[in-house]
4 protein chains.
Amino acid sequence: MTPPRDRPTFTEAARRQQIIDAALQTIAEQGYTQASFAEIARSLGITKGLIAYHFDGRHDLITSAIQTLLSRQSAYVKERVAAHHDAVGRMQAYIAASFDYIAQHRAHVAALVDLWGSFTSPLEKVAFSQTAYEPCRAHLRAIMRAGLEQGVFAECDPTVMAAVIQAGIDGVMLQWVFDPTAVDLAAASHELQTMVMQRIRR
Amino acid sequence: MTPPRDRPTFTEAARRQQIIDAALQTIAEQGYTQASFAEIARSLGITKGLIAYHFDGRHDLITSAIQTLLSRQSAYVKERVAAHHDAVGRMQAYIAASFDYIAQHRAHVAALVDLWGSFTSPLEKVAFSQTAYEPCRAHLRAIMRAGLEQGVFAECDPTVMAAVIQAGIDGVMLQWVFDPTAVDLAAASHELQTMVMQRIRR
Amino acid sequence: MTPPRDRPTFTEAARRQQIIDAALQTIAEQGYTQASFAEIARSLGITKGLIAYHFDGRHDLITSAIQTLLSRQSAYVKERVAAHHDAVGRMQAYIAASFDYIAQHRAHVAALVDLWGSFTSPLEKVAFSQTAYEPCRAHLRAIMRAGLEQGVFAECDPTVMAAVIQAGIDGVMLQWVFDPTAVDLAAASHELQTMVMQRIRR
Amino acid sequence: MTPPRDRPTFTEAARRQQIIDAALQTIAEQGYTQASFAEIARSLGITKGLIAYHFDGRHDLITSAIQTLLSRQSAYVKERVAAHHDAVGRMQAYIAASFDYIAQHRAHVAALVDLWGSFTSPLEKVAFSQTAYEPCRAHLRAIMRAGLEQGVFAECDPTVMAAVIQAGIDGVMLQWVFDPTAVDLAAASHELQTMVMQRIRR
DNA sequence: AATGAATGAGCATTCATTCAT
DNA sequence: CATGAATGAATGCTCATTCAT
């Protein structure tokens with residue numbers, strides 16, 4: 001059990017992160033169901049008791065892993081988008097950055113696809129949707145709205161556009177996770193940008 | 001032990017299908033990891049021994065369930081596409097039919113998303129990709145090529161286009177599985193068609 | 001998990017009883033906390049999985065064991081008491097039978113003493129009190145009341161008398177469980193009968 | 001490791017007592033099995049490592065707790081008994097004091113009942129009997145013998161009487177621990193005194 | 001004197017699987 | 001075909017204990 005501490009120690013934080021990373025790696029390599037405490041511990045050369053010591057059970061570990069996953073990807077994309085100041089540039093940056101992150105973090109996105117199947121109740125699914133998807137769509141919506149207000153984007157529903165663009169990114173990622181030779185990430189990134197731009201540019 | 005497969009009896013085939021459907025329902029409702037033989041058996045009022053009798057282990061059941069899933073969706077889409085004889089109509093029909101199937105078979109697609117995380121080795125993932133994705137993309141590629149040959153589609157790479165279109169469909173499905181209120185399926189279907197048409201029409 | 005069956009099969013009932021008896025024996029010999037599924041299974045030459053198959057978890061096993069314990073003792077005492085038809089005879093029979101049962105079933109009463117400490121919440125304790133103690137006290141109260149009505153017992157509060165008499169029995173049992181050489185069961189039985197009779201006889 | 005016991009410091013002794021009291025409280029509230037080092041430590045706001053530092057393992061802690069329990073009760077009863085100088089007064093004082101202590105220390109006696117089930121071997125049980133029960137019975141025997149010698153008690157076996165009287169006290173305590181509404185402690189105290197006096201007074 | 005990190009054995013429980021009937 | 005009994009391996013988790021700091 002994680003000791004209830006006001007300020008987690010340095011060791012504590014480092015261990016937690018180390019275990020989370022090992023968990024993601026193991027999930028990516030062997031699948032969510034095979035990623036047992038024992039397996040993760042083995043990959044780190046520690047005992048499974050230590051995992052139980054640092055996390056409040058499996059749910060806590062998985063949740064923390066998902067958090068890590070999402071915040072890293074989100075931070076990466078946000079930074080790249082922020083480098084641009086026009087709606088067109090930002091939209092292209094969002095798509096390009098998303099694909100770049102995917103290409104550079106195969107294990108992470110593979111783990112993510114596995115974790116999609118880890119929710120057992122509709123409530124957990126909705127919660128994940130709110131935590132993981134909604135921020136992405138909201139980001140895209142904001143870019144869309146800015147473009148519309150500035151008059152550089154053609155009329156369209158930002159909500160639907162956001163969902164469809166994110167869908168394109170995730171869908172390609174999915175195909176690529178299953179078989180990296182089945183789809184050319186760079187080409188897909190380019191094509192999606194083209195498609196979206198042709199649709200929304202005034 | 002699975003009985004010899006040379007000539008499956010009628011009863012045998014019916015039982016298998018019954019079990020597969022119950023498995024899909026259970027996976028959709030409770031998640032892949034919760035869908036144990038015992039749980040599936042309970043939902044059917046039979047014993048788990050009987051499931052083991054009709055399937056060569058869990059892998060066989062899951063594989064068969066995925067097959068069922070894919071062939072039903074594929075058959076539905078194929079039929080709808082075949083009703084059209086021009087590339088534009090076929091492309092729109094493919095997208096529309098895919099979304100319609102999704103909307104009408106929530107449990108099935110929910111199960112599918114859960115099953116995405118059920119593969120433990122890269123080989124299984126590649127095999128799934130070949131069985132599940134490749135036929136869809138091939139279908140889309142064929143429609144694309146016909147349109148290009150007929151001169152009604154603008155120049156583009158059919159392989160990449162197929163991947164991106166399928167990605168858009170799957171990605172929206174994913175968001176909708178997690179939270180049906182998060183995305184409007186009909187609007188997304190419409191938007192994806194618009195986007196694709198604007199891109200590929202000459 | 002126990003399969004939900006309308007009528008438990010013969011094998012099922014026999015196995016359950018066999019496991020319960022082994023559990024009581026193990027508790028008596030090694031203590032409640034040491035009586036793990038593994039230990040009980042080992043003493044029977046079966047696997048612990050089988051115990052889990054026949055009982056709905058540890059709580060179910062322990063509860064069933066206590067039930068067995070109480071009903072056997074109760075049945076024995078009731079039969080001995082019923083052989084008498086006067087209040088004096090019945091009261092003496094109750095005490096004598098209780099001590100005789102204790103003397104002849106050391107393992108059972110040793111297990112019972114251990115199980116006294118197995119309740120973790122006040123609610124469980126109260127429930128045990130209702131199930132285990134109240135029927136004993138009620139039996140004694142009924143004997144007392146009959147004696148009072150027949151005018152053979154001196155005036156006294158049947159409720160308090162019942163509690164104190166049962167207390168004497170249980171308290172001696174406790175001392176004898178800890179060290180069989182520390183107290184002479186037969187002498188204690190005799191003395192308690194004498195004491196009670198001297199108190200309640202008119 | 002326990003620090004050398006030759007001259008325990010003041011702090012050391014205080015800590016030990018503090019931990020023992022917390023342990024008793026926790027056992028009384030949550031049961032013997034739930035009273036883990038972690039739980040006891042949590043209730044004190046210290047770490048479980050500190051408990052291990054002050055006690056030579058769990059057995060040492062439990063043993064010390066029992067010692068504390070017994071010596072407190074014993075001291076209380078001894079003092080009350082010593083206030084009387086005749087056998088009759090002392091016998092009544094012993095019973096009355098025992099019940100009074102019980103009534104005023106519910107947590108302690110609840111813990112004691114739980115601890116009855118904490119011995120895993122016959123040897124431990126016998127040792128407990130010698131430490132806990134024998135002194136009580138010896139005290140009662142001494143009172144009995146004095147009464148007999150002084151000619152105020154009727155002829156009877158002091159050993160058996162002692163066992164039965166103590167049994168009555170413990171048995172009522174047991175019922176009261178399980179359900180405080182099930183038995184009236186004061187009435188039981190009174191009744192036991194009456195019963196005993198009627199039996200032993202010449 | 002006290003902590004936080006780590007261990008390793010043991011726990012109840014789950015589950016796919018086997019098999020005699 | 002179908003069942004119920006039984007297995008054995010694996011899982012998450014708990015806990016007393018150890019120890020460097």
Side-chain angles (χ1 to χ4, degrees), chain A residues 1-3 5 8-12 14-15 33-41 46-62, chain B residues 1 3 9 11-12 15 33-41 46-62, chain C residues 1-3 5 8-12 14-15 33-41 45-62, chain D residues 1 3 9 11-12 14-15 33-41 46-62:
Chain A
M1 200 174 319
T2 314
R5 236 188 325 275
T9 63
F10 174 75
T11 318
E12 162 78 8
R15 262 282 191 248
T33 53
Q34 300 302 312
S36 63
F37 277 25
E39 197 60 31
I40 296 164
I46 60 173
T47 62
K48 57 183 177 164
L50 190 55
I51 301 179
Y53 174 74
H54 284 288
F55 292 87
D56 259 354
R58 170 164 244 260
H59 189 259
D60 184 26
L61 171 57
I62 296 300
Chain B
M1 188 96 48
T9 65
T11 319
E12 160 73 12
R15 259 284 190 244
T33 52
Q34 303 300 319
S36 63
F37 276 25
E39 198 60 28
I40 297 164
I46 61 173
T47 63
K48 57 183 178 172
L50 191 54
I51 299 180
Y53 174 77
H54 283 287
F55 292 88
D56 237 7
R58 171 162 245 260
H59 189 260
D60 184 24
L61 171 59
I62 296 301
Chain C
M1 199 175 320
T2 313
R5 237 189 324 276
T9 61
F10 173 76
T11 316
E12 162 78 8
R15 259 285 189 248
T33 53
Q34 301 301 315
S36 63
F37 277 25
E39 198 59 32
I40 297 164
I46 60 173
T47 61
K48 56 182 178 168
L50 190 55
I51 300 179
Y53 174 74
H54 285 288
F55 292 88
D56 260 353
R58 170 164 245 261
H59 189 260
D60 184 25
L61 172 58
I62 296 301
Chain D
M1 188 96 46
T9 66
T11 319
E12 160 73 11
R15 261 283 190 244
T33 53
Q34 302 301 317
S36 63
F37 276 25
E39 198 60 29
I40 296 164
I46 60 172
T47 62
K48 56 184 178 171
L50 191 54
I51 300 180
Y53 174 75
H54 284 287
F55 293 87
D56 236 8
R58 170 163 246 261
H59 189 259
D60 184 24
L61 171 58
I62 296 301

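- Note: F37(B) CZ to T47(B) OG1 = 11.5 Å, rounded to the nearest 0.5 Å.
- Spacing between atom CD1 of I51(A) and atom P of dT7(E) amounts to 10 Å, rounded to whole angstrom units.
- If you find the closest nucleotide of DNA chain E to T11(A) and to G57(C), the one lying nearer the 5' end belongs to T11(A).
- Here the P atom of nucleotide dC13(F) and the CG atom of D56(A) are 9 Å apart, to the nearest Å.
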Contact list (N/O, under 3.5 angstrom) for nucleotides 9-11 of chain E vs protein:
| residue | atom | partner | partner atom | Å |
| --- | --- | --- | --- | --- |
| dC11(E) | OP1 | S36(C) | OG | 3.2 |

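- Distance CD/E39(B) to OG1/T33(B): 11.0 Å, rounded to 0.5 Å.
- When Watson-Crick and G-U wobble pairs are counted only if both distances are under 3.5 Å, dA1(E) pairs with no nucleotide at all.
- Following rounding to the nearest Å, L61(D) (CG) and dC15(F) (P) show an atom-to-atom distance of 14 Å.
- Atom-to-atom distance recorded for H59(B):NE2 and L61(B):CG is 11.0 Å, nearest 0.5 angstrom.
- Using a 4.0 Å cut-off, no side-chain N or O of Y53(A) falls inside it from OP1 or OP2 of dA6(E).
- The CZ atom of R15(D) sits 12 Å away from the C1' atom of dT3(E) (whole-angstrom rounding).
- Atom CD1 of I40(B) and atom C1' of dT17(E) are 14 Å apart (whole Å).
- Pair assignment for dT21(E): dA2(F), on the basis of Watson-Crick or G-U wobble contacts that are both within less than 3.5 Å.
- For the pair A35(D) and I46(C), both in contact range of DNA chain F, the more 5′-proximal nearest nucleotide belongs to I46(C).
- Look at CZ on F10(A): it is 16 Å from P on dT21(F), rounded to the nearest Å.
- From F55(C), atom CZ reaches atom CZ of R15(C) across 11.0 Å, with rounding to the nearest 0.5 Å.
- When the C1' atom of dT13(E) is taken as reference, atom NE2 of H54(C) falls 16 Å away, rounded to whole Å.
- The NE2 atom of H54(B) sits 12.0 Å away from atom CG of D60(B), with the distance rounded to the nearest 0.5 Å.
- Between dG12(F) and H59(A), no contact under 4.0 Å exists linking OP1 or OP2 to a side-chain N or O.
- A pairwise comparison of heavy atoms in R58(B) and A35(B) identifies NH2-O, 2.6 Å as the closest pair.
- Protein atom CG of L50(B) is 15 Å distant from nucleotide atom P of dT17(E), rounded to whole Å.
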